[in-house]
Amino acid sequence: MDPLVFFIVLASLYGVLYFFDRFFKSCMHYPYDAFLKNTGLSINFMSLHWHTSAFNRTLLRWGSAGNSCTRRVMITSFNVGVLVTFSLLPIGLILLIATIFSSGEQDSSSSVSSPVGVPVQLEILLPGVNLPLEEIGYYITTLVLCLVVHEMGHALAAVMEDVPVTGFGIKFIFCLPLAYTELSHDHLNSLRWFRKLRVLCAGIWHNFVFAGVCYLLISTVGITMSPLYAYNQHVVVTELTRKSPLRGERGLQVDNQITQVNGCPVNSEESWVTCLQNSLKLKPGYCVSADFVQLNDESSAISHHSIDGQLQCCDELNPNVSCFEVVEDANEDVPVELPQHVCLNVRRTLEEVTEHCSSGVCNEGFCLRPLIRNITAIMTFKRQNFRGEKLPPVIYVGHPWDVTRTVEVSAFVPRYSLLKAAWPDAWLLLLKYNVVFSIGLALINAIPCFGFDGAHITSTVIHSFLVGRVDQHAKRDIISLIITSVGSLLFALALLKVAWLSFLRPLL
């Protein structure tokens, strides 16, 4: 779906909801108002809001359940969360400053670099812009999960500190979900500074832990999926685009397991890409018997060069044949009956191949190398079905990019016919989304910026540590306001810079 079409459809749905909301409030005021009150729903222009207090008792039971040892573990965990939050603050600020003052190019000297030397900068991720629109389901699901985990952290820490939780809520502003936890401000402000920081930092800490759990699941996906899937043994075809040149009765089929490409073993998605690249870089030769060559040679009477200078010994109007060069073995001579160049049917020749050769050495037959353009490769895909039975090889003449662009593969080979290889790939993609979004949400919330946890954390620290030096509460508020304003300014500048580089400048 085109991004513009998606946003138009979404805006239309919001418009219909808003229209019926206004209509029912004017014609069925009391029943409709009772329905909204019981469900906690409220509909505004281009936004939805849901508020509930149904989970308050459940959270209270969770917080009070367990023995004193469990409580000590949770308190220790929230203490670590405070330390992690304060360690994320300078990282977030450095990232903002590096983003603001970078040149916008991928230059390691103007941005923060990761341990592997890849530039790290702030980036806005939007479906249909720099993320595939097909992944919008993962995008929204991840945002909701990360926000729920964040708010549950605040709620659990509040219950542990005997701060009443009065409710939860989720807002959808167009396609952006927002969540919040409603606490008793009087009870929260009455806590000592470190106990209050436990509550304020718990959301960031939970996002950080959630990212770690998701990363652990990604790292062990081969083990956790092993009862149902064989991981990194072969690759299985999960999708062929409509315009894929490998579609057809003699082409690749969904659920085919690919074992080799031109003799290169395929046991993972990385080896799949490497083998396709090697098919263009390392053009292999093929061992064919002399009898086959003599029976199937279709050489033209006169060899000639085509427009691009490529030697031709075949009819250029016949797409099924190609000119092959006989590669001489350094230790043996080519038999007299074989010419230096022969014209053979590509598919028939590759079906007769006994092995591949590179230096002209063959155990049986003679080494023939196809004379094709540098941007073209002959690829032979060896495949098997679900039961491990070998299927006829698929032969394709073209550019490897045509394959990678139109054929989707997975390293998860199902052990049972009812399973689909796309399911663990979807699970893995969701985990990756959660790692990126959870770390991003933790970093952003640690920054002293209006509307984020960092603003409340900054205010708590200022009022706790400057109370002996700055007596007046209003002056401490001003200091906290200045720090938060600076953080908000840095965040706004970085956001504008990224928006300009990612969305606005390409449109001009």
Side-chain angles (χ1 to χ4, degrees), residues 116 135 138 213-241 244-282 284 286-287 350-351 353-358 377-396 398-435:
V116 294
E135 297 179 4
Y138 298 95
V213 171
C214 291
Y215 183 79
L216 181 63
L217 290 174
I218 293 173
S219 303
T220 59
V221 68
I223 299 174
T224 56
M225 291 289 180
S226 59
L228 303 176
Y229 295 89
Y231 183 61
N232 277 350
Q233 293 184 6
H234 301 302
V235 297
V236 58
V237 178
T238 58
E239 184 182 358
L240 292 160
T241 62
S244 176
L246 283 94
R247 292 179 70 98
E249 295 181 0
R250 304 181 70 174
L252 294 176
Q253 306 292 330
V254 174
D255 294 332
N256 281 171
Q257 298 178 22
I258 301 175
T259 59
Q260 290 183 2
V261 177
N262 287 352
C264 174
V266 177
N267 49 32
S268 65
E269 292 185 47
E270 291 77 14
S271 62
W272 160 256
V273 175
T274 301
C275 290
L276 289 176
Q277 292 174 346
N278 288 341
S279 66
L280 189 62
K281 297 176 182 177
L282 309 173
Y286 305 99
C287 294
L350 268 61
E351 289 175 350
V353 169
T354 57
E355 60 179 319
H356 290 88
C357 55
S358 57
I378 298 177
M379 288 161 278
T380 305
F381 301 91
K382 290 190 176 180
R383 53 183 180 145
Q384 62 186 30
N385 60 14
F386 164 74
R387 293 179 292 274
E389 301 170 347
K390 291 185 178 181
L391 299 173
V394 174
I395 300 169
Y396 174 66
H399 198 284
W401 171 246
D402 297 334
V403 182
T404 57
R405 183 172 49 88
T406 62
V407 180
E408 296 288 338
V409 298
S410 171
F412 295 93
V413 179
R415 298 186 186 274
Y416 306 99
S417 58
L418 296 177
L419 300 176
K420 296 295 182 182
W423 294 347
D425 282 334
W427 169 244
L428 198 61
L429 181 59
L430 182 63
L431 290 175
K432 291 177 180 178
Y433 262 92
N434 278 279
V435 170

Practice item. Check the pair Thr238, Val254 against side chain to side chain contact (heavy atoms under 4.5 Å, CB included), reporting the backbone distance first and the verdict last. Key: CA-CA 5 Å; Thr238 58; Val254 174; 5.8 Å; no
Practice item. Output, in order, the C-alpha distance, side-chain angles, deciding distance and verdict of side chain to side chain contact (heavy atoms under 4.5 Å, CB included) for Thr259 and Arg383. Key: CA-CA 6 Å; Thr259 59; Arg383 53 183 180 145; 5.9 Å; no
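A donor-acceptor distance shorter than 3.5 angstrom exists from the side chain of Gln253 to the backbone of Gly248, with no hydrogens or angles considered. A side-chain donor-acceptor contact under 3.5 Å links Asn385 to the backbone of Arg387. Distance alone, capped at 3.5 Å, is enough to place a donor-acceptor pair between the Ser268 side chain and the Ser271 backbone.
Among residues at least two apart or in separate chains, there is no side-chain hydrogen bond (donor to acceptor under 3.5 Å, both in side chains) pair with a member in residues 221-233. Within the structure, salt bridge (charged side-chain N to carboxylate O under 4.0 Å, His left out) contacts touching residues 264-281 (residues at least two apart or in different chains) do not occur.
Between Trp272 and Asn267 there is no side-chain heavy-atom pair separated by less than 4.5 Å. Between Phe412 and Val236, every side-chain heavy-atom pair lies at or beyond the 4.5 Å cut-off. The shortest distance between side-chain heavy atoms of Ile258 and Val237 falls below 4.5 Å. In this structure, Lys382 and Lys390 have side chains that are not in contact, with every pair of non-hydrogen atoms separated by 4.5 Å or more. Between Pro424 and Val221 the shortest side-chain heavy-atom distance does not fall below 4.5 Å. Val261 has its side chain out of reach of Thr380: every pair of non-hydrogen atoms, C-beta onward, lies at least 4.5 Å apart. No side-chain heavy atom of Phe381 sits less than 4.5 Å from a side-chain heavy atom of Pro393. Looking only at side-chain heavy atoms (C-beta outward), Lys420 and Asp255 come within less than 4.5 Å of each other.
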Which pairs would a plain distance check flag for residues 425-433, meaning a side-chain donor or acceptor within less than 3.5 Å of a matching protein atom at least two apart in sequence or in another chain?
| unit_1 | atom_1 | unit_2 | atom_2 | d |
| --- | --- | --- | --- | --- |
| Asp425 | OD1 | Ser410 | OG | 3.3 |
| Asp425 | OD2 | Ser410 | OG | 2.7 |
| Tyr433 | OH | Glu135 | OE1 | 2.6 |

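Summarising the geometry, atom CG belonging to Leu350 is positioned 6.0 Å from atom CD1 belonging to Ile378; distances are rounded to the nearest 0.5 Å. Atom NE2 of His356 is separated from atom CG of Asn262 by 5.0 Å, given to the nearest 0.5 angstrom. Distance check, rounded to the nearest 0.5 Å: SG of Cys264 to CE of Met379 gives 13.0 Å.
For Glu355, the side-chain contact (heavy atoms from CB on, under 4.5 Å) partners are Cys287, Cys362, Asn363, not counting sequence neighbours. Under the ring pair (Phe, Tyr, Trp, His ring centres under 6.0 Å) criterion, Tyr138 pairs with no residue at all, not counting sequence neighbours. With sequence neighbours left out, Cys357 forms a disulfide (SG to SG under 2.5 Å) with Cys367.
Of all the heavy atoms in Pro414 and Ala421, the pair that sits closest is CG-N, 3.9 Å. Considering every non-hydrogen atom in both His234 and Val413, the closest pair reads O-CG2, 3.7 Å.
Partner Val407 forms a side-chain contact (heavy atoms from CB on, under 4.5 Å) with one of Thr241, Asn256, Asp402, Leu240 and no other, that one being Leu240.
Around atom CZ of Phe386, more than 12 heavy atoms belonging to other residues, nucleotides or ligands sit under 6.0 Å away. Under a cut-off of 6.0 angstrom, the local environment of CZ in Arg250 is sparse, with at most 12 non-hydrogen atoms contributed by other residues, nucleotides or ligands.
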